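Remember, predicted model here, so these are calculated numbers, not experimental data. Atoms considered below: every heavy atom in the structure, side chains included; atoms not considered: hydrogens, waters and symmetry mates.
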Amino acid sequence: MLRDALPRRPEARRLLAATLFSATGRGLTLPFMFIYLTKVRDVSAGTAGLIIGWMAVCALAIGPVGGWAVDRYGARRIVLPMLLVEAAGVGSVGFAQSHWQAFLSVTLIGAGGGVIWAANTTILSSVTDGLERQKTFGLNFALLNLGIGTGTVIAGAIVDLDRPGTFQVIYLIDATLYLVPFVNLLTMPGVGRRLAPAATGEPAQTRLRQPGYREVFAHRGFRRLLAFSVVLTISGYAQIEVGFTAFAIDVAQVGPQTVAYAFTANTLVIVLAQLFVVRVIQGRSRTVLLSLVGVIMAAAWLILGVAGAVDGRNVALAAVAVIACAAVFAVGETLLSPINPTLLNALATDELRGRFNALGSMVWGISGIVGPITAAPLIGGGHSSVWLALTVIGCLVAALLAASLRKVITAEQDGRDQPGVAPDDLSTADEPVRASPTPAA
């Protein structure tokens with residue numbers, strides 16, 4: 001299965017290898033920012049939520065500019081400096097002793113992350129073709145989570161709430177590992193160049209008519225996919241770092257080590273199941289599978305509710321439920337990770353691919369704002385049952401949005417075996433935008 005999933009081009013394989021290293025650093029710090037701010041730096045739960053939410057605001061603000069810049073200048077010119085920016089932010093988190101220092105650190109993280117994810121997706125899609133792209137995105141996600149899981153295991157053995165220096169160590173290691181993708185991309189000068197060639201000698205009036213974000217938003221199928229992604233991430237992924245962690249510690253009353261084990265279980269499920277899932281989903285409807293993702297994630301939050309219902313009376317049962325929640329959530333992730341970016345890039349053209357991926361990545365910024373500033377006050381204020389109900393309902397709404405997406409995309413875009421024809425009710429604005437000689441701002 002691994003041999004079948006590996007992309008043919010060596011550049012794509014090197015990008016996948018770099019993902020593994022950088023993800024290991026990410027895993028060192030991913031589960032612990034909320035814990036670090038509230039338990040080590042004595043930041044209130046509400047303020048910690050605002051700090052983490054501000055990181056998402058920064059990513060959201062820079063996302064559209066990053067997408068335009070990737071299309072205009074090429075992804076490598078954008079990714080290389082932004083890797084250093086985000087590394088500086090990550091490394092400084094461990095030394096942030098005041099609110100403004102923490103805000104400054106997460107500003108750098110958000111600015112870098114708001115561009116890097118979309119640009120990397122654009123690069124990876126440029127070195128894979130349509131047949132292998134879905135497999136490559138699935139393998140990339142498996143390696144991402146293998147690295148994160150490795151990092152969480154290491155961090156679980158290092159961090160100590162009574163020793164702030166242990167948190168400084170993991171943040172510095174995380175920052176250092178950003179150099180791996182930096183050097184990797186730097187030594188592949190042909191990768192990440194501008195996808196749509198620039199034309200010379202074009203009249204100014206012609207250049208002004210080139211497509212931009214307006215044409216991206218005119219695509220009906222993309223708008224529906226974007227709505228699904230926003231709702232699912234607000235109710236799912238956005239709740240992992242703050243909502244899940246806060247609920248596990250404050251409501252289920254498990255320790256930080258159990259949270260780390262939960263992330264490890266999440267990773268193990270992804271790593272062990274991802275390649276199998278990639279094979280199973282070939283030729284199947286992507287919209288149906290995205291609907292299934294919403295149902296699975298809703299079930300995961302219900303399992304977490306069991307841990308809260310125990311209310312500390314049975315520590316073992318609460319720990320099992322917390323870990324089981326993360327494991328079931330991972331099943332949904334193994335379906336989502338190869339399908340969502342593949343479908344998005346099936347709707348995009350080379351000239352607008354950076355913009356499409358930027359808007360897709362901006363979902364994390366939107367959800368990252370809503371997640372922390374709602375989860376922290378609700379759970380911290382004793383309204384954990386309200387938070388749980390909202391997450392479950394949100395995942396089910398996302399499932400319905402995914403099901404409706406099938407009507408506004410072609411069978412080929414939906415990933416079914418038989419060749420498809422665009423539905424009758426699609427307007428010409430819903431078709432992929434034709435490539436043009438020069439980009440628009």
Side-chain angles (χ1 to χ4, degrees), residues 21-55 86-110 113 145-180 240-268 307 312 315-316 318-319 322-323 326 372 375-376 379-380:
F21 281 96
S22 59
T24 301
R26 179 65 177 134
L28 290 170
T29 59
L30 177 64
F32 298 113
M33 180 171 286
F34 185 80
I35 296 174
Y36 170 70
L37 291 175
T38 57
K39 306 299 183 182
V40 177
R41 297 304 182 188
D42 296 322
V43 177
S44 67
T47 302
L50 289 174
I51 290 173
I52 298 173
W54 174 248
M55 179 168 58
E86 188 168 2
V90 169
S92 63
V93 169
F95 299 89
Q97 298 185 11
S98 64
H99 292 174
W100 74 265
Q101 289 175 335
F103 272 109
L104 178 60
S105 295
V106 300
T107 297
L108 296 176
I109 296 173
N145 281 270
L146 176 60
I148 289 176
T150 303
T152 56
V153 171
I154 296 172
I158 294 176
V159 296
D160 186 339
L161 294 177
D162 297 323
R163 297 165 59 203
T166 60
F167 287 89
Q168 293 173 344
V169 168
I170 63 174
Y171 278 107
L172 285 176
I173 296 175
D174 186 7
T176 301
L177 287 176
Y178 275 81
L179 295 177
V180 175
I240 287 293
E241 190 164 358
V242 176
F244 171 77
T245 303
F247 192 99
I249 292 178
D250 297 335
V251 181
Q253 299 182 28
V254 301
Q257 285 74 22
T258 299
V259 174
Y261 295 149
F263 277 91
T264 302
N266 176 276
T267 300
L268 287 175
V315 177
V322 167
I323 295 172
I379 296 175

Sequence-distant partners of Ser44, side-chain contact (heavy atoms from CB on, under 4.5 Å), two or more places apart: Thr47
Considering all heavy atoms, the nearest Gly91-Leu172 contact: O-CD2, 4.0 Å
From CD1 (Ile52) to CZ (Phe103), nearest 0.5 Å: 10.5 Å
For Phe32, ring pair (Phe, Tyr, Trp, His ring centres under 6.0 Å) partners two or more places apart: none
Contacts of type side-chain contact (heavy atoms from CB on, under 4.5 Å), residue Leu177, not counting sequence neighbours: Thr24, Ile173, Val180
Least distance between heavy atoms, Ala175 atom then Val90 atom: N-CG1, 3.9 Å
side-chain contact (heavy atoms from CB on, under 4.5 Å) involving Ile249 - partner list, sequence neighbours excluded: Ile35, Thr245, Val259
Nearest atoms (heavy-atom pairs only) where Met55 meets Val106: CG-O, 3.6 Å
Ring geometry between Tyr36 and Phe167 (parallel below 30°, tilted from 30 to 60°, perpendicular above 60°): tilted
All ring pair (Phe, Tyr, Trp, His ring centres under 6.0 Å) counterparts of Phe34, not counting sequence neighbours: none
Counterpart residues, side chain to side chain donor-acceptor pair (under 3.5 Å), relative to Ser92 (two or more places apart): Ser105
Distance-minimising heavy-atom pair for Leu161 and Pro256: CD1-CG, 4.2 Å
Close side-chain approach of Val43 and His99, heavy atoms under 4.5 Å: yes
Contacts of Tyr178 that satisfy side chain to side chain donor-acceptor pair (under 3.5 Å) - sequence neighbours left out: Glu86
Please list, one pair per line, the donor and acceptor atoms closer than 3.5 Å that link side chains of residues 152-160 to other protein atoms, with sequence neighbours excluded.
| unit_1 | atom_1 | unit_2 | atom_2 | d |
| --- | --- | --- | --- | --- |
| Thr152 | OG1 | Ile148 | O | 3.3 |
| Thr152 | OG1 | Gly149 | O | 2.8 |
| Thr152 | OG1 | Thr264 | OG1 | 3.3 |
| Asp160 | OD1 | Asp162 | N | 3.0 |

Interatomic distance, Ile51 atom CD1 to Trp54 atom CH2 [nearest 0.5 angstrom]: 12.0 Å
Pairs involving residues 243-263, ordered by first then second residue, that meet salt bridge (charged side-chain N to carboxylate O under 4.0 Å, His left out) (sequence neighbours left out): none
Over all atoms of both residues, closest heavy-atom pair of Leu108 and Gly89: CB-CA, 3.6 Å
Residues in side chain to side chain donor-acceptor pair (under 3.5 Å) contact with Arg26, at least two apart in sequence or another chain: none
Gln168: partners by side-chain contact (heavy atoms from CB on, under 4.5 Å), with sequence neighbours left out: Arg41, Phe95
Donor-acceptor pair, side chain of Asp174 and main chain of Leu28, under 3.5 angstrom: no
From OH (Tyr261) to CD1 (Ile323), nearest 0.5 Å: 8.5 Å
Atom of Ile379, atom of Gly243 and distance for their closest heavy-atom approach: CD1-O, 3.4 Å
All side chain to side chain donor-acceptor pair (under 3.5 Å) counterparts of Thr150, not counting sequence neighbours: none
